[in-house]
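Worksheet: the structure to be examined is printed underneath.
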Amino acid sequence: MSSSPQGDKALDGYSKKKYVCKLLFIFLLGHDIDFGHMEAVNLLSSNRYTEKQIGYLFISVLVNSNSELIRLINNAIKNDLASRNPTFMGLALHCIANVGSREMAEAFAGEIPKILVAGDTMDSVKQSAALCLLRLYRTSPDLVPMGDWTSRVVHLLNDQHLGVVTAATSLITTLAQKNPEEFKTSVSLAVSRLSRIVTSASTDLQDYTYYFVPAPWLSVKLLRLLQCYPPPDPAVRGRLTECLETILNKAQEPPKSKKVQHSNAKNAVLFEAISLIIHHDSEPNLLVRACNQLGQFLQHRETNLRYLALESMCTLASSEFSHEAVKTHIETVTNALKTERDVSVRQRAVDLLYAMCDRSNAQQIVAEMLSYLETADYSIREEIVLKVAILAEKYAVDYTWYVDTILNLIRIAGDYVSEEVWYRVIQIVINRDDVQGYAAKTVFEALQAPACHENLVKVGGYILGEFGNLIAGDPRSSPLIQFNLLHSKFHLCSVPTRALLLSTYIKFVNLFPEVKTTIQDVLRSDSQLKNADVELQQRAVEYLRLSTVASTDILATVLEEMPPFPERESSILAKLKKKKGPSTVTDLEEAKRERSADINGGPEPAPASASATSTPSPSADLLGLGAAPPAPVGPPPSSGGLLVDVFSDSPSAVAPLAPGSEDNFARFVCKNNGVLFENQLLQIGLKSEFRQNLGRMFIFYGNKTSTQFLSFTPTLICSDDLRANLSLQTKPVDPTVDGGAQVQQVVNIECVSDFTEAPVLNIQFRYGGTFQNVSVKLPITLNKFFQPTEMASQDFFQRWKQLSKCTDSHCGQARKPSLRDCVNCCQNSFNPQGWSIRLVCLCIFLHLYHLSSLPCCK
Amino acid sequence: MQFMLLFSRQGKLRLQKWYVPLSDKEKKKITRELVQTVLARKPKMCSFLEWRDLKIVYKRYASLYFCCAIEDQDNELITLEIIHRYVELLDKYFGSVCELDIIFNFEKAYFILDEFLLGGEVQETSKKNVLKAIEQADLLQEKTENMYHSRSFIGCKKSILEY
């Protein structure tokens, strides 16, 4: 066949059409076609309708990116559009709507609105033009500019041809989402149209009545259009409310036909009306009625209706007016969970339980979800686990219940308990003193089961490591028994779990000296010291050494109990959002938060202002400490955390110094390198070196999030006095900092004269949609420019005596000499060229220790 | 609507209409996966399911599955009725439509669909108007013998609406 279209003999239109048709059929069967396009394009220019039709069909289905062909095609379309023949125009418009490519949009986006609103266009062409324009707008919104055709389009809502109204409504709905102002007038028109339809008798609309339901498609579209706007002005609102009530009333009437089409059409309108009621969220009466209607559907014979009712109720549950009404159906929903055969309906039931959960029914709902989890489909288990974890935490009055729930979760669906969940339970146990003993006991008992999930071993290992001492008094859970219990699981676990257990063992050495030798033997065994895995080997070696070398005091300090974790947004929530998609869960969560403001005194996830806009990574660790999970990895966790301090406050929005920067600043007096400041978003590290009166400081700004910082500007602020004495030069930094990246800034420092203040580093940037402003003191202190000098002891003591004389001369009372006094005193010994204080370092440091706070900070 | 697929019980595709731009490879992948998922459903299950981030509405008429993919905010029940209306249109046009009609006159099926839905939205809901447009187009045909019409081909048959 491939040879014949390209053969020498000229094919007549009919044969050409036949061949093109056959090619199309073959293509639709699933084979690839790479010829015949030219022939199809030729058919377009034929005057015979059928040939044109096949040509258009071929092109719509086999889209080609050959620019020559596209030009020809567009040409043919243009001719047809201009032809004034409605059938040809229709064909051309259909083709544009079916293909909708950017080239077509460029060529025709200006033409079509004109056709749409021209007075002499036929109805059928108007319909096609409206939807064609809609398609072009969806693919290339920028090529369809608003113009004065928009008001004429709104007017189409009043057209007497319902087909035109239908098409126009779809167009306006999409356009109004991006340009609500332009199409505001459509609201009142839509309401009046809708009420006319709803109140019409069944013979009025003739062919537009579908199984005794008047114009169902148009009604649904009008209701959708109304959902693009907030509740209208009172005049229009009254009419709308009447309309909605009529729809709700009709649902209660006996059906006019037994056919399922009738009920489907009627209910389609009903569900859309309920959507609108929920969207407006302003008429309590309607909301309650809607809720009751849905409640009836929950027990309907038809599965479809039950499914939709569960789905709609989910959104209803978040509205404050109807939340209580929704809760009354809890029995029905839990029943559905147990008895429904269709897994998608069960899934909706789970979603609804999650949405309607609050303080009063949390325990019941969590219990139901747990029992469902035991038999649930594997594909949905992870989601249910996350939901149970979130609910348990949010509504826990008694944290023992929370611990039980999570342990149950691990027992039932351990494989699907992601890391965020068990990190969270450990966080909470550590933060709450009252539940630590209970947790230790429960975990101990749970571990005694013959087969326990690895996650349970992880949680158990950690908790016993921290709080095993709380139950060590009981002979059934003595230290040795605890150790043996954990060690019995040791060889069954994967490497990360074993690493955690090793850390637990060293903690035991600290807590329970009586098991020290046993543990040391274990650590000393070849399977640990010569373990193939580097991490395990390292831990075994280090811990063994630590246990032998360190005295009890040091050991106790190193292995001190973990301090409480600072409050952060629950990363479980972030993970759930990621799974479900941002829109659904965020709305529910926002609503839940607003509704139940007094949830717990305890770890309440902080309001997620940034999280709704930002893209949290699923493994966003809780502390934000780089990649370190709370389980002790690497250096012992509570060794004072000199270098890496976590500040629990978020940066203040105004210039004041970030709280806590004072302490850090103080630390930097004696050192030149380290982390100056850290919060959830940003880490600032320093590396500096000084020589004589010059210094160079490298400031490293690390973006800890996965989102870019924009307009990132660090500025050094010095008071005028300071500026006279300390000269700072710096180069500007790239204003965009990628997620996870680090940028460096070099500051060149020259000390001209002595100074007491410190410059302030102010960083401003945009993160997500918010504006961030951080200020910290830059630790450039006078002592950095000190240089040691050698002195004979006599000279030294002479000078020292001179200092004490200072006190008398300055003001009659003895007071502690400040650094300034020292400096003034010794000014005469200064070298006029450079600037070096000829004082012994020791003298100055004694001086500094004398004072309660550093002079430079004043 | 994002797309509509018609396929037989054996998974053979009879009609595919895409309302969003996708590459051929993606289309094939989606078709394969979706056909498998829908065919795996049992008869009593509900007509809606969530698949990827779309809602799928499907209904079986005799040996043909009609499957539509709609977006999150679209109304499922009305889509079910869109499917039914389309079947009615086919039925009226072909006179007791069956799967063979759609196989042999696929281009007519596409034309009817185009008159009913355009760009993924319902264009004309009056059955009369849609059929009138198609008839007018048919009248413009010069030659009539190029169409296989199953009425002359196969004896009396049952419409898929009657299943």
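Letters A, B, ... mirror the listed sequences (proteins, then strands); counts begin at 1. Just so it is clear, the structure is predicted and the values come from calculations on it, not from any experiment.
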- request: Would you indicate whether the side-chain heavy atoms of B:E81 and A:Q261 approach each other to under 4.5 Å?
  value: yes

message: Between A:Y211 and chain B, with a heavy-atom cut-off of 4.5 Å, which part of the residue counts as in contact: side chain, backbone, both or neither?
response: side chain

query: Could you state the interatomic distance from CG (B:L118) to CG (A:N98), rounded to the nearest 0.5 Å?
result: 6.5 Å

Leading residue by heavy atom contact count with chain B [cutoff under 4.5 Å; candidates A:L171, A:T169, A:L131]: A:L131

message: Which heavy atom of A:V345 sits nearest to which heavy atom of B:C46, and what is that distance?
response: CG2-SG, 4.3 Å

task: Measure distances from B:K132 to the heavy atoms of chain A and classify the residue's part below 4.5 Å as side chain, backbone, both or neither.
output: neither

field: Verdict with supporting geometry, B:S126 and A:L162, side chain to side chain contact (heavy atoms under 4.5 Å, CB included)
entry: CA-CA 9 Å; B:S126 155; A:L162 285 186; over 6 Å; no

message: We want to know whether B:E88 and A:Y210 form a side-chain donor-acceptor pair, criterion being a heavy-atom distance below 3.5 angstrom.
response: no

message: Heavy-atom pairs under 4.5 Å with chain A - which of B:I82, B:D24, B:V20 has more of them than the others?
response: B:I82

task: Check whether A:E302 gets within reach of chain B through its side chain, its backbone, both or neither, counting any heavy atom under 4.5 Å.
output: neither

query: Highest number of heavy-atom pairs under 4.5 Å with chain B: which of A:P86, A:G90, A:S170?
result: A:S170

query: Can you tell if the side chain of B:E107 reaches within under 4.5 Å of the side chain of A:I54, non-hydrogen atoms only?
result: yes

field: Any side-chain donor near an acceptor of the partner, B:N129 and A:Y208, under 3.5 Å
entry: yes

query: Yes or no on side chain to side chain contact (heavy atoms under 4.5 Å, CB included) for A:K259 and B:H84, after CA distance, side-chain angles and deciding distance?
result: CA-CA 12 Å; A:K259 294 214 163 182; B:H84 188 81; over 6 Å; no

field: Lys/Arg-Asp/Glu bridge criterion (N-O < 4.0 Å) met for A:R135, B:E121
entry: no

field: Part of B:I103 within contact of chain A (heavy atom distance under 4.5 Å)
entry: both

- prompt: Given that the side chain runs from C-beta out, which part of B:L80 has a heavy atom under 4.5 Å from chain A: side chain, backbone, both or neither?
  reply: side chain

query: Hey, what do you get for CZ (A:F271) to CD1 (B:I78), rounding to the nearest 0.5 Å?
result: 12.0 Å

message: Is it the case that atom NZ in B:K59 sees more than 12 heavy atoms from other parts of the structure closer than 6.0 Å?
response: yes

message: At a 4.5 Å cut-off on heavy atoms, which part of A:S128 comes close to chain B: side chain, backbone, both, or neither?
response: both

Separation between OG of A:S344 and CD1 of B:I56, rounded to the nearest 0.5 Å: 12.0 Å

A:H94 NE2 to B:E115 CD distance, which is reported to the nearest 0.5 Å: 4.5 Å

statement: Heavy-atom closest pair (A:R138 atom, B:G119 atom, distance to 0.1 Å) is NH1-O, 3.4 Å

task: Describe, in one word, how the ring planes of B:F48 and A:Y307 are oriented to each other, choosing from parallel (under 30°), tilted (30 to 60°) and perpendicular (over 60°).
output: tilted

- prompt: Would you call A:R348-B:E50 a salt bridge at under 4.0 Å N-O?
  reply: yes

query: Relative to chain A, which segment of B:D74 carries a heavy atom at a distance below 4.5 Å: side chain, backbone, both, or neither?
result: both

- prompt: Can you say whether B:E76 sits under 4.5 Å from chain A via the side chain, the backbone, both, or neither, judging by heavy atoms?
  reply: side chain

message: Is it the case that the side chain of A:Q127 and the backbone of B:Q123 share a donor-acceptor pair, with hydrogens and angles ignored and the cut-off at 3.5 Å?
response: yes

- prompt: Under a 4.5 Å heavy-atom cutoff, which of A:R341, A:Q53, A:E272, A:H161 has the most pairs with chain B?
  reply: A:Q53

task: Could you tell me which portion of B:L15 (side chain, backbone, both or neither) has an atom closer than 4.5 angstrom to a non-hydrogen atom of chain A?
output: neither

Closest non-hydrogen atom pair between B:L77 and A:N264, with its separation: CD2-OD1, 3.6 Å

- line: The interface call for B:R85 against chain A, heavy-atom contacts under 4.5 Å, is both

query: B:Q73 versus A:R224: any side-chain heavy-atom pair under 4.5 Å?
result: yes

task: Test side chain to side chain contact (heavy atoms under 4.5 Å, CB included) on B:F111 and A:L57 and set out the steps.
output: CA-CA 8 Å; B:F111 297 149; A:L57 182 58; 4.0 Å; yes

query: So, does B:N75 use its side chain to make a donor-acceptor pair with the main chain of A:A268 at under 3.5 Å?
result: yes

task: Check the pair B:V122, A:K221 against side chain to side chain contact (heavy atoms under 4.5 Å, CB included), reporting the backbone distance first and the verdict last.
output: CA-CA 9 Å; B:V122 171; A:K221 283 192 192 223; 3.9 Å; yes

- prompt: Would A:D342 and B:K44 pass as an ion pair if we require N to O under 4.0 Å?
  reply: no

Which portion of B:K17 sits near chain A, non-hydrogen atoms under 4.5 angstrom: side chain

